[in-house]
A.B. asks: 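I am attaching a structure below and will ask some questions about it afterwards.
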Amino acid sequence: MIKFRVTLATLLAAGIMITSCGGDEPQNPDNNKPDTPTPPETTDVRVLTTTSNRAKDLDESWLSFSTVDNMSPSTIRLNPSQEYQTIDGFGAAITGSTAYNLLKMTAADRAKFLKETFSPTEGYGMSYIRICIGASDFSLSDYTCCDKEGIENFALTDEENKYVIPVLKEILAINPSIKIMASPWTAPRWMKVNNLTDLKPHNSWTGGQLNPAYYQDYATYFVKWIQAFNKEGINIYGMTVQNEPLNRGNSASMFMGWEEQRDFIKNALGPKLRQAGIDTKIYAFDHNYNYDNMADQKSYPTKIYADAEASKYIAGAAYHNYGGNVEELNTVHKSNPDKELVFTESTAGDWNDGSNLQKRLIDDMEQITLGTVNRWCRGSIIWNLMLDAKRGPNRPGGCTTGFGAVDIADDFKTITRNSFYYIMAHMSSVVKPDAVRIGTSGFTTTGLTYSAFRNPDGSYALVLSNRKSDDVRATVDDGSHHFPVTVPAGGIVSLSWK
């Protein structure tokens, strides 16, 4: 069992926040509490607890297995033989803005924060990262990696070379097995047209569509980009073909309906990746549960799967939660159970009181982490690990009212952690990559949400959130051991044991 200590220095280095595009409350009220004593080696169950009022702030404690027979009527039973999906991980996006902010910190402060966030042995072990292929609305400039016409002009830019890649290398030094998902916001402008009927040039970062005449060049663009990162020692685990393909209005964007994505994958992208010997997974869609209410785009990924030639190149589909209901994940899984699902983006902002932990913590846990893994997602990633005090840097026309998973003050030292940081830390600290979600039975009550996992080393993990205004008490039983647990009102508890 991994021992984890929450020290005074750790708490001071981490305020807390969330991502993508309030309420006031005290920040870290327990900053003066003494270091948590190191528990004895014989302690059985590690417990991590956060409450929405911050009375418990990723606090660690320990439980022992019960030595008497389990007679509790409130027993949550783990069913290890009932297996669901394999887990890839949990984490946050390293955008150009995030990388810039991280590099404004001192090397020592940055190393401390990155270790706390990504180390599987000395931190919370976040294990999934999303990065941008070219610019997004949280980049330092508008660009792609081939802005001069002609695919022979492809090259990484200063944003990758000076910011994103150095930060990724520091993270990989801490957690070499971290998975990276990549997504483009737009193709190079010279590849875009106004629509597929007129085929007139669309020299804009915003909107437009991919000219079918450039399918092969754009597929080569992906190959060159992945190879360029590989040369830097950065493996790209998965990619989506287009971020928010139904969104024409983002500061960097490109419309790509399901038929376009199908044809691009089967006629260009899939074959080009295979010819280059690249095993990066392709995920379709990467947008909202409600398909932006476009009737002809409903069930976007399943329509692509229906084409056998396209489907053979596709690992699964990616989703965001800016529209629709999380139940869409169950619908998509039921129609194509052989395909994977992953949740790739959510943002907190002024519109949903994104910095108010008391309003967001349980909602985010229910919708973004537990809510998605309980509906077959292999992982969950939130938007922007770190933003600055001005909620940026960001691009004109993009989101200006969002929060990071953490926000960093003007001194580039003081960090405030938000709900998104907590929900990812609670998952990744106990649910390890390649864990398997397993079945549960027994005790349930309104407001209590949970999910159980078996890790690759044979240990178990159980993560619970409690929406109630009262504590919930239960007994956990894995068939060999049992123990009592209390989930505080408005709180999250993560458990792990051998």
Side-chain angles (χ1 to χ4, degrees), residues 4 6 16 18 22-23 25-26 28-30 45-63 66 70 72-78 90 124 321 326-327 346 348 352-375 377 380 382 417-431 437-453 460-478 482-497:
F4 189 99
V6 178
I16 303 177
I18 164 172
E25 62 216 291
N28 294 330
D30 291 330
V45 183
R46 179 186 166 219
V47 186
L48 201 65
T49 306
T50 297
T51 53
S52 56
N53 63 3
R54 300 186 193 262
K56 291 186 179 295
D57 189 333
L58 290 166
D59 287 5
E60 187 183 53
S61 58
W62 299 82
L63 294 170
S66 297
N70 179 18
S72 171
S74 303
T75 296
I76 299 170
R77 299 187 185 279
L78 274 57
F90 304 91
Y124 301 117
N321 72 340
V326 69
E327 271 303 313
S346 185
N352 62 4
D353 286 336
S355 65
N356 187 331
L357 198 66
Q358 290 187 297
K359 289 188 176 181
R360 296 304 326 154
L361 183 64
I362 302 303
D363 276 354
D364 290 341
M365 202 72 191
E366 290 179 350
Q367 294 296 318
I368 296 171
T369 49
L370 290 178
T372 58
V373 298
N374 283 342
R375 293 169 177 84
C377 278
S380 179
I382 48 81
R417 293 188 297 207
N418 292 309
S419 173
F420 280 4
Y421 191 92
Y422 287 111
I423 66 173
M424 292 303 168
H426 267 277
M427 298 301 295
S428 60
S429 63
V430 297
V431 184
R437 181 168 69 95
I438 59 175
T440 56
S441 61
F443 178 66
T444 60
T445 183
T446 302
L448 182 69
T449 304
Y450 55 82
S451 191
F453 307 85
Y460 291 116
L462 180 68
V463 183
L464 311 95
S465 71
N466 176 19
R467 178 175 289 280
K468 289 176 175 286
S469 56
D470 298 316
D471 295 353
V472 172
R473 292 175 175 81
T475 296
V476 179
D477 194 325
D478 65 13
H482 64 276
F483 53 89
V485 63
T486 299
V487 188
I492 304 170
V493 170
S494 295
L495 307 166
S496 61
W497 68 98

A.B. asks: Testing the 3.5 Å rule here: is there a donor-acceptor pair between the side chains of D471 and T486?
C.D. replies: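 The criterion, which ignores hydrogens and geometry beyond distance, is not satisfied for T486 and D471.
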
A.B. asks: Nearest 0.5 angstrom please: K56 NZ to I492 CD1, how far?
C.D. replies: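 Spacing of NZ (K56) from CD1 (I492) equals 14.0 Å.
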
A.B. asks: Test of understanding: with side chain to side chain donor-acceptor pair (under 3.5 Å), list the residues that count as partners of T50, not counting sequence neighbours.
C.D. replies: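 With neighbours one apart ignored, the set is H426.
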
A.B. asks: If only atom types and distance count, is the side chain of N466 paired as donor or acceptor with the main-chain N or O of P488 below 3.5 Å?
C.D. replies: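 Yes, the answer is positive, given that a donor and an acceptor are paired below the 3.5 Å cut-off.
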
A.B. asks: In chain order, what residues pass the ring-ring contact (aromatic ring centres under 6.0 Å, His included) check against F443, with sequence neighbours excluded?
C.D. replies: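 By the ring-ring contact (aromatic ring centres under 6.0 Å, His included) rule, F443 matches no residue at all.
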
A.B. asks: In sequence, state the C-alpha distance, the side-chain angles, and the governing distance for R437 and V431, and then conclude on side-chain contact (heavy atoms from CB on, under 4.5 Å).
C.D. replies: CA-CA 9 Å; R437 181 168 69 95; V431 184; over 6 Å; no

A.B. asks: Check for a donor-acceptor pair, side chain of K468 on one end and backbone N or O of L448 on the other, with a separation under 3.5 Å.
C.D. replies: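 No, because the side chain of K468 does not come within donor-acceptor range (under 3.5 Å) of the backbone of L448.
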
A.B. asks: Mind telling me whether Y421 and Y124 have parallel, tilted or perpendicular rings, with 30° and 60° as the class edges?
C.D. replies: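 The rings of Y124 and Y421 stand perpendicular, inter-plane angle above 60°.
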
A.B. asks: Under the side chain to side chain donor-acceptor pair (under 3.5 Å) rule, collect the residues that match up with S72, sequence neighbours excluded.
C.D. replies: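 Counting only residues at least two positions away or on another chain, S72 forms a side chain to side chain donor-acceptor pair (under 3.5 Å) with T475.
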
A.B. asks: Tell me every residue that passes side-chain contact (heavy atoms from CB on, under 4.5 Å) with T372, counting only those two or more places apart in sequence or in another chain.
C.D. replies: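 Per chain and number, T372 pairs via side-chain contact (heavy atoms from CB on, under 4.5 Å) with Y289, V326, L329, F343, C377, S380.
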
A.B. asks: E366: which residues meet the side-chain contact (heavy atoms from CB on, under 4.5 Å) condition with it, sequence neighbours left out?
C.D. replies: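 Testing E366 for side-chain contact (heavy atoms from CB on, under 4.5 Å), a comparison that skips the adjacent residues, returns I362, D363, T449, S465, R467.
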
A.B. asks: So which atom in V493 and which in V487 form the shortest heavy-atom distance, rounded to 0.1 Å?
C.D. replies: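 So the minimum-distance heavy-atom pair works out to CG2-CA, 4.0 Å.
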
A.B. asks: Using the side-chain hydrogen bond (donor to acceptor under 3.5 Å, both in side chains) rule, take T75 and D477 through it: C-alpha gap first, then chi angles, then the decisive distance, then the call.
C.D. replies: CA-CA 7 Å; T75 296; D477 194 325; 5.8 Å; no

A.B. asks: Does Y450 have any ring-ring contact (aromatic ring centres under 6.0 Å, His included) partners at least two apart in sequence or in another chain, and if so, which?
C.D. replies: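 For Y450, no residue satisfies ring-ring contact (aromatic ring centres under 6.0 Å, His included) once neighbours in sequence are set aside.
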
A.B. asks: Can you tell me how far the CG atom of D478 sits from the OG1 atom of T440, to the nearest 0.5 Å?
C.D. replies: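 The OG1 atom of T440 is 13.0 Å from CG of D478, to the nearest 0.5 Å.
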
A.B. asks: Nearest heavy-atom pair of R360 and D353: which atoms, and what distance?
C.D. replies: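 Result for this residue pair: CG-O, 3.2 Å.
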
